[in-house]
2 protein chains.
Amino acid sequence: MNKKLNEQSLPEILTNPKKERSSHDVAIYNQIFDAILSQRLLPGTKLTEEELAQIFKVSRTIVRRALLRLSQDCIVDIKPNRGASVACPTVKQAKEIIQARRIIEAEIIREVVKVIDQEQIDALRKLVGKEKINVEHHIRSSGIRLSGDFHLELAKVSKNTTLTKFIRELIPQTSLVIARYEKPGYANCSHSEHYELIEIIARGDAHSAVLLMDKHLLHIEDKLDLSEYNQLVDLKTLFSAVG
Amino acid sequence: MNKKLNEQSLPEILTNPKKERSSHDVAIYNQIFDAILSQRLLPGTKLTEEELAQIFKVSRTIVRRALLRLSQDCIVDIKPNRGASVACPTVKQAKEIIQARRIIEAEIIREVVKVIDQEQIDALRKLVGKEKINVEHHIRSSGIRLSGDFHLELAKVSKNTTLTKFIRELIPQTSLVIARYEKPGYANCSHSEHYELIEIIARGDAHSAVLLMDKHLLHIEDKLDLSEYNQLVDLKTLFSAVG
DNA sequence: AATAAAATAATTGTATACAATAATAAATAC
DNA sequence: GTATTTATTATTGTATACAATTATTTTATT
């Protein structure tokens, strides 16, 4: 496993500004979360408790807590007595995740257009600027993460913490879906659509914004090969059909 | 605390039919989940680890795992070094929860109308029948739970596990909202709206079904007193405004 | 040599001991 | 008698020991 998991998307200190020192497992959770989000940890990777405990220099107690959190987010899969591994979404789940995002982010956009102010627009532009630079410099991990951050920031602007929580879960799940099902040879150019989206939001055109967001999310699905034969099947099922 | 937490909404054995014996904390999680869902555990109730450990005859390790799960569902609130208590949603959260349900359940209904079969329609009718009997016999807890089960079963019919997971979280949150903010003197008669909904779904009228579901959820909000002065405020803030 | 059985090793699951922190009660000062 | 400090108790946080389970290797059998 990559031991350099030190880039973080949302430093815990920012998410929880009121200096309520939260427990150590949150830091580990954040690092693994971010590694999955930025595709440094790929679907299926085994996550051994003892190994993680040594890397982060804590006891298994803490690691188990972090893994349980991640499994509740559906980005880590825990099988009883058989341990944890990075989740490997099925074709069906992949479609569901995109569909869920479409309806939730449509609502978020409607809310965002209503409440966004100039400062927030500038912040979003800055974020997409960063995203563009990273993608152009082929800093793949950071580019992917910043793309996710854009959607998360939009959700936060909407001020609906419940929907934001759902989107916060769906973003790393989308990362796993892309890692697993992306058609080869596609360049990531989501930042251009992000730019467009900001301009439409800034104009206050709710209807167009919703449509563009939906198009943007469908565009993600277009880049995937979600055909049945691409589905991972367990070997028994596979060879039972041999003629 | 009520020690008779033995009625269960969704026995773990049914949720996880493939006899993968899951760990003991899931059973405790389910019991507390159900106690919150059916309003036997009310917002703000302290959940002491040692106390729960004795009730369920397990170590604190297991209790802590169950509590962490519940806190990720936003129905238990864990404060560092200060323990867990049943969550107490704010007015803002209450509104968000209903709003989230409106958009997600609208989508679920659209899907349900497309895919539902006669067997599933009968099962839903049976469920609402039970709900009616329990409400009429003033078996409050069971009535509330069965009402939640109706929405959960609808979500399952839609076959979208991602949206179902979200609804599964929003249902007990709604229970907490109702427990906290319900206007006095309202009879629970959601089962009649549930009956209506089934008939419209059975007719295959997607548009009307979506409208009725939305009306039904708004009806829940109507029964609440979500005015600002009803908001729980900490004492310091309260008395700092005294003239 | 291929298969099955047994032994060993690795990994996860749970309880418990102890440390750290917070809440409460008692003691002291004014 | 009230306020502040100190001591005590209760509760949560973490590491670790050991049990239970699964994975791997070794040995035995054909």
Side-chain angles (χ1 to χ4, degrees), chain A residues 1 3 12-13 15-16 18-32 41 44-73 75-88 234-236 239, chain B residues 1 3 12-13 15-16 18-32 41 44-73 75-88 234-236 239:
Chain A
M1 221 191 78
K3 293 191 187 191
E12 208 267 321
I13 197 85
T15 324
N16 183 12
K18 294 176 187 172
K19 77 170 172 200
E20 261 179 32
R21 282 188 50 40
S22 59
S23 136
H24 201 166
D25 66 290
V26 175
I28 294 168
Y29 164 87
N30 280 333
Q31 296 217 49
I32 300 178
L41 266 175
T45 309
K46 186 82 210 296
L47 299 170
T48 311
E49 295 178 1
E50 186 57 43
E51 200 180 337
L52 291 168
Q54 279 170 16
I55 290 169
F56 294 112
K57 299 193 171 70
V58 289
S59 74
R60 277 176 52 223
T61 308
I62 309 299
V63 172
R64 280 175 73 79
R65 238 179 124 77
L67 290 174
L68 181 59
R69 289 189 128 103
L70 293 160
S71 80
Q72 302 260 105
D73 289 347
I75 56 179
V76 157
D77 188 42
I78 296 182
K79 293 204 181 84
N81 283 313
R82 316 196 57 208
S85 51
V86 178
C88 203
D234 68 297
L235 293 177
K236 260 185 194 165
F239 289 114
Chain B
M1 219 190 78
K3 293 193 184 188
E12 209 266 321
I13 197 86
T15 324
N16 182 13
K18 293 176 188 172
K19 77 172 174 199
E20 262 179 31
R21 280 187 52 39
S22 59
S23 138
H24 201 164
D25 66 289
V26 175
I28 293 168
Y29 164 87
N30 280 333
Q31 296 217 46
I32 300 178
L41 266 176
T45 309
K46 185 84 211 296
L47 300 171
T48 311
E49 295 178 1
E50 187 57 41
E51 200 180 338
L52 292 169
Q54 280 170 15
I55 291 170
F56 295 112
K57 298 194 171 68
V58 289
S59 75
R60 276 177 52 224
T61 308
I62 308 298
V63 171
R64 280 175 73 79
R65 238 179 123 78
L67 290 174
L68 181 59
R69 290 188 129 105
L70 292 160
S71 80
Q72 301 260 105
D73 288 347
I75 55 178
V76 158
D77 189 41
I78 296 181
K79 294 206 181 80
N81 283 314
R82 317 196 59 211
S85 51
V86 179
C88 203
D234 68 296
L235 293 177
K236 260 184 196 164
F239 288 113

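Model, not experiment: these values are computed from the prediction. Throughout, a chain's letter reflects where its sequence line sits, starting with A, and its residues are numbered from 1.
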Fill in: Interatomic distance, B:Glu49 CD vs C:dA23 P [rounded to whole Å]
14 Å
Using atom names, set out every protein N or O paired with an N or O of nucleotides 20-22 of chain C below 3.5 Å, distance rounded to 0.1 Å.
{"from": "C:dT21", "atom 1": "O3'", "to": "B:Asn81", "atom 2": "ND2", "distance (Å)": "3.4"}

Item to complete: Mind checking salt bridge (charged side-chain N to carboxylate O under 4.0 Å, His left out) for A:Asp73 and listing every partner two or more places apart, or none if nothing turns up?
Response: A:Arg168
Worksheet item: Excluding sequence neighbours, so at least two apart, what forms side chain to side chain contact (heavy atoms under 4.5 Å, CB included) with B:Ser85?
Response: B:Asp77
Worksheet item: So do A:Ile28 and A:Leu52 actually touch side chain to side chain, heavy atoms under 4.5 Å?
Response: no
Item to complete: Work out which heavy atom in A:Lys46 is nearest to a heavy atom in A:Ala84; give both atom names and the distance.
Response: CE-O, 3.4 Å
Fill in: side chain to side chain contact (heavy atoms under 4.5 Å, CB included) against A:Thr61, all qualifying residues, sequence neighbours excluded
A:Ser59
Fill in: For chain A, the stretch of DNA chain D it reaches, first to last nucleotide, under 4.0 Å of its heavy atoms
D:dT14 to D:dA23
Discussion item. If you assign each of A:Ala84 and A:Thr61 to its closest nucleotide in DNA chain C, which residue comes earlier from the 5' end?
Written reply: A:Ala84
Response to the item:
Per nearest nucleotide of DNA chain D, the residue lying toward the 5' end, A:Asp25 or A:Arg60, is A:Asp25
Discussion item. So, taking the atom named CZ in A:Arg64 and the one named CD1 in A:Ile78, what distance separates them when rounded to the nearest 0.5 Å?
Written reply: 7.5 Å
Worksheet item: How would you list, by chain and number, every residue that makes a side chain to side chain contact (heavy atoms under 4.5 Å, CB included) with B:Gln54, sequence neighbours excluded?
Response: B:Glu50
Response to the item:
Sorted by chain and number, sequence neighbours left out, salt bridge (charged side-chain N to carboxylate O under 4.0 Å, His left out) with A:Asp25 holds for A:Arg65, A:Arg69
Item to complete: Name every residue in residues 62-72 of chain A that has at least one heavy atom under 4.0 Å from any atom of DNA chain C, in order of residue number, or write none if there are no such residues.
Response: A:Arg64
Practice prompt. Of all the heavy-atom pairs spanning A:Gly44 and A:Cys88, show the shortest one and how long it is.
Written response: N-CB, 4.5 Å
Fill in: Spatial distance of atom CD1 (B:Ile75) from atom CG (B:Leu41) [nearest 0.5 Å]
9.5 Å
